[in-house]
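For clarity, every value in this text was computed on a predicted model and none was experimentally measured. To find a chain, count down the sequence lines: A is the first, B the second, and so on, and within it residues start at 1.
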Amino acid sequence: MSTPEPSAEDTAFHSPPGGFAPPPQTKSGRTAELWLTLFAIAVVFAALVIVEVAMEQHLTWDLAKYAAAYTVLMVLAHLVIRRFAPYADPIMLPIVALLNGLGLVLIHRLDLADEETQAFLGHPAPSSDANQQIIWTLIGLVCFAVVLYFLRDHRVLSSYSYTLGLAGLVLLIIPALLPARFSQVNGGRNWIRFAGFSIQPGEFAKILIIVFAAAFLVSKKDLFTTAGKHVFGLDVPRARDLAPLLVAVVLAIGIAVLNKDLGFALLIFGTILVMIYIATDRASWLFIGIGLFLLAATAAYFMFDHFQQRVEVWLDPFATYNTSGYQISQALFGFATGGLAGTGLGSGQPNTVPFAKTDFIMATVGEELGLIGMAAVLMLFAILVIRGLRTALAVRDSFGKLLAAGLAFTLAFQLFVVVGGVTKLIPLTGLTTPFMSYGGSSLLANYILLAVLVRVSDEARRPPAPPARRNPTPIGDAPTEMVRRVE
Amino acid sequence: MNTPMRRVAMLVMAMVVVLLAGVTYLQVFKADELRADPRNQRVLVDEYSRQRGQISADGQVLAASVESGDRFKFLRVYPANPHAPTSPEANAPVTGFYSLNYASSGLEKAEDQILSGSDDRLFGNRLFDLVSGRNPRGGNVETTINPVLQQLAYDQLTSQNLTGSVVALDPRTGAILAMVSAPSYDPNLLAGHDGAEVAANWKRLHTDPRSPMLNRAISQTYPPGSTFKVVTSAAALENGATINDPLTAAAGLTLPGTNTVLHNYADERCGPGDTVPMIEAFARSCNAAFAQLGIKYGADALRDTAEDFGIGPDTPSIPLPVADSTVGTIPDAAALGQSSIGQRDVALTPLQNAVIAATVANGGVRMQPYLVEELEGPDLKTLSTTAPTSPGQAIPPDVADELTQMMIASEQGTTGAGSVPGVQIASKTGTAEHGSTPKQTPPHGWYIAFAPAQNPVIAVAVIVEDGGNAGLSATGGKIASPIGRAVIEAAVQGGQ
């Protein structure tokens, strides 16, 4: 797709002054978005009812509470977009609403299983994680609205790029500096915990670093596409042009690896690499990046025990079934039991997988909704990412392009790492499934990410301002304007 | 920038395709292998919702699965039969229990493959159920138990609030006719679907000081006391002794190499003379005489004969696991003297003691005890029938005849209530000391017997722990023999 020509309408045909009719309105897509959102809500309703029936629950006000809260939140999100980003992509919100809703249903389903287990053991019922997730969704959507309200033009972000990048690094460093009791959860030191409240700063740092990378790459674009050497037919870019970005990325990855947050390290690395590739159009970067990755992974394999352990578990999880391989083994049993059509919502045993609500929520999808459900969820993510990349193609400014592409790709890459991990395609690294996993940080960060994408897409799809509003400028005073770049 | 962006979009699509390929491999091609993995508990959970087969005895249902209407679909029940007496408590040592949260025991565990329907022999049935769309069902287990005897023996123990066990065998085949342990428990308490309730019941049963969930018949060993004189006599008779050989009639015997005197019961002399024929010493159950007899023929003879009766390691399952019985270590003559009267380290399960009686009854041919008569498919078609097997001739037929004579004499000299008119019983009682202060601890009372003596159809072993209700003055004759005779009466008159 090419950049729309702002003056295309003017040159299509000549109309007399005053015109025959108003210029054709570009469809905002808001009506489509509303209907799609309502459809997503209907699907989530149906899923919720199936879970309740299959798990022998009575249809209670509790159920109505979940449904009502979810419906109100999603409709409000639609209204926020209608008010503050009226030309935004109409597909993104409905997909996110469906993913988030499905996640809620699965978390509720796992809650019920936990209650049952605890009841069997004669313990009191645990607190409901679905309730908590609803609250996180509310906070996430508040953040979503706040971003859309204050960030009227995404280009503003590029003026604060260094500040934001630095903030991202600081967020990452905090857990490493905190004593373990404030930062450690399940072996990884990537949390900030205080007063019963905990956040994973990496989720937010990811967005900040992508913003920084986009702004930086755009500002240095001309420099490193022209300078550089040719080695073996490859254009090797000059490293010093990219120094600040490389330093930031190496720092971020280094901190993440030290905190045993391998998933995050991989995510940042892949995303930034792809952003550099997009900005420079130099495949050499990809080769260099992948080479470096292989070197670093090999080195890490020999340096870190937990890294070796991950690889061993990946190669044969059943060899260590009773210890480190248990989780992935259970997930694999779940996928196998689900088969093509799944056991049906509420009819499987996904709660036998440790961390089924967070890192392994896709194992629940695989078990209860089967291959068909997995394919559906993967396609939803694929469409969301492709819409993000379309936004990147359509938006006119380079910063917006890189930002949208980076944010969209990071979603895709995270999905790949998570789903690949739980299906034993690649070694497991702890990451959440965006919008579906239980957890406040992940949900909040992803709603902020969505808000930025929506903002960029609003810019991309906004029809040009009517020519009449332009103040005619005498040709002599007009600034030099680049109409089109030949790429 | 747009060209590389389009390539990235292609990369994203490729990533999704790779993920889909991976998931397809896992959920379609690898699925069967993973589903069949024994560690996959999901398959187990699946079995809970399959209709489990029945456990029955002589046409009576001891355990069955009924539709529960909840998400587990079926509830395991152990019914009480109002028409013919059978109660879940009496049958518990046979059926065991089947629970969602506490696994299973008894036949529920031993024959789980058949009952759950996952046995290979039921493959055809599973396939048919799959094709016909019918819910797969498990196979059935028909036991050798005679429910009338089972209930009678249980009632005999519980009506007097006794702790103990009764085992009844068909000496000709080894079929277990009754296997009772008291006190017992109701397996329905553990089969429910209300987890909290089941957990509470489980805790209560496990903390009960009377151990209602212990299967005393096969999982517990006891000193056999004087009932072991059958084995000591067999060892002697096999090695050239006769039933009229003279043995000491003294009230006590100083064990060789010690100052310890081994006393007769109540420290009585064994008859008026200096010596007493073996058959009379057996009938009077004189300890000094049999300690002397055992020492005379040596530890190896006793050990060999005990082994021929089935006392030793690697006891075969029935198919429930059976604790090993043992004669213990016999380091010297003094130990041999004590072991010869079934004390010291000799320890038998009630089942093993029943096997000893049954072997004598069966002309010296020991039959392997078994609990499962027949395995059936869900359609009641026979899958397999247990054929009686024998580990061999434990003692020569003439020795068995001589032992029978001695046991008839013993029965005639035994006190205790109950006799079966017109039926000659051959038996031996035992009063076994145990505990750290044996003289102050009420003894275990034993009674092993078979009947009719000339054409035996039943062999029993009865143990009543800790003197029953008779305290320190308890003897096997007083507390155990009435129960044994009641079981024999029911068996013989019931046309067994």
Side-chain angles (χ1 to χ4, degrees), chain A residues 1-3 54-56 116-117 119-122 221 274 277-281 283 318 321 329-330 332-340 343 347-349 352 366-367 370-371 374-375 378-379 381-382 385-386 389-390 392-393 398 401-402 405 408-409 412-413 415-416 419-420 423-425 487, chain B residues 1-46 48-49 68-73 99-102 192-203:
Chain A
M1 180 185 284
S2 64
T3 316
M55 296 194 75
E56 286 291 320
E116 214 162 71
T117 312
F120 260 141
L121 301 174
K221 184 165 176 279
V274 163
Y277 168 65
I278 292 173
T280 61
D281 195 12
F318 296 104
Y321 178 77
S329 301
Q330 284 301 329
L332 294 180
F333 288 151
F335 278 112
T337 309
L340 189 66
T343 60
S347 303
Q349 300 289 319
T352 52
E367 178 171 351
L371 178 61
M374 284 297 284
L378 289 177
M379 288 324 290
F381 273 109
V385 171
I386 295 298
L389 291 174
R390 266 181 73 101
L393 282 170
S398 299
K401 277 182 185 302
L402 259 185
F409 183 78
F413 197 55
L415 182 77
F416 182 77
V419 179
T423 57
K424 203 177 92 72
L425 196 64
E487 287 182 284
Chain B
M1 256 194 237
N2 286 354
T3 315
M5 212 116 74
R6 284 196 193 91
R7 291 201 191 108
V8 168
M10 294 303 291
L11 172 68
V12 168
M13 291 312 289
M15 277 169 15
V16 171
V17 168
V18 167
L19 286 180
L20 275 174
V23 177
T24 306
Y25 170 72
L26 200 57
Q27 299 203 273
V28 177
F29 297 102
K30 198 88 189 296
D32 280 340
E33 186 191 325
L34 287 168
R35 267 187 226 128
D37 193 298
R39 291 166 292 198
N40 190 349
Q41 337 162 15
R42 287 168 172 79
V43 179
L44 274 179
V45 172
D46 208 34
Y48 294 147
S49 56
S68 60
D70 62 11
R71 64 184 294 246
F72 295 104
K73 291 184 188 159
S99 160
L100 295 182
N101 30 354
Y102 296 106
H193 291 175
D194 182 335
E197 197 183 303
V198 168
N201 290 337
W202 173 265
K203 197 177 167 199

Student: Determine the minimum heavy-atom distance between A:Ile278 and B:Met5, stating which atoms define it.
Tutor: CG2-SD, 3.7 Å

Student: Quick check for you: among A:Leu332, A:Leu371, A:Leu402, which has the greatest number of heavy-atom pairs under 4.5 Å with chain B?
Tutor: A:Leu371

Student: Does any heavy atom of chain A fall under 4.5 Å from the side chain of B:Val12, the backbone, both, or neither of them?
Tutor: side chain

Student: Rounded at 0.5 Å granularity, tell me how far CG in A:Leu340 sits from CD in B:Gln27.
Tutor: 8.0 Å

Student: Shorter than 4.5 Å, heavy atoms on both sides: which option in B:Val18, B:Leu11, B:Leu19 has the most such pairs with chain A?
Tutor: B:Leu19

Student: Answer with side chain, backbone, both or neither: which region of A:Ile386 has an atom nearer than 4.5 Å to a non-hydrogen atom of chain B?
Tutor: side chain

Student: Give, for atom CG of A:Leu389 and atom CE of B:Met13, the distance between the pair rounded to the nearest 0.5 Å.
Tutor: 10.5 Å

Student: Could you pull out all residues at least two apart from B:Tyr25 that satisfy ring pair (Phe, Tyr, Trp, His ring centres under 6.0 Å)?
Tutor: none

Student: Examine whether an atom of A:Phe381 lies under 4.5 Å from a heavy atom of chain B, and if so say whether it belongs to the side chain, the backbone or both; otherwise answer neither.
Tutor: neither

Student: Grab the two heavy atoms, one from A:Ala382 and one from B:Val16, that are nearest each other, plus how far apart they are.
Tutor: CB-CG2, 3.9 Å

Student: Among A:Ser329, A:Ala375, A:Gly370, A:Ala408, which has the most heavy-atom pairs under 4.5 Å with chain B?
Tutor: A:Gly370

Student: For A:Val419, which atoms come within 4.5 Å of any heavy atom of chain B: side chain, backbone, both, or neither?
Tutor: both

Student: Return the option, out of A:Gly366, A:Gly420, A:Ala405, with the maximum number of heavy-atom pairs under 4.5 Å with chain B.
Tutor: A:Gly366

Student: Is chain B contacted by the side chain of A:Phe409, its backbone, both, or neither, given a heavy-atom distance below 4.5 Å?
Tutor: side chain

Student: Quick one: closest heavy-atom pair of B:Leu34 and A:Ala336, and the distance?
Tutor: CB-CB, 3.4 Å

Student: I'd like to know which of B:Val28, B:Thr3, B:Thr24 tops the heavy-atom pair count under 4.5 Å against chain A.
Tutor: B:Thr24

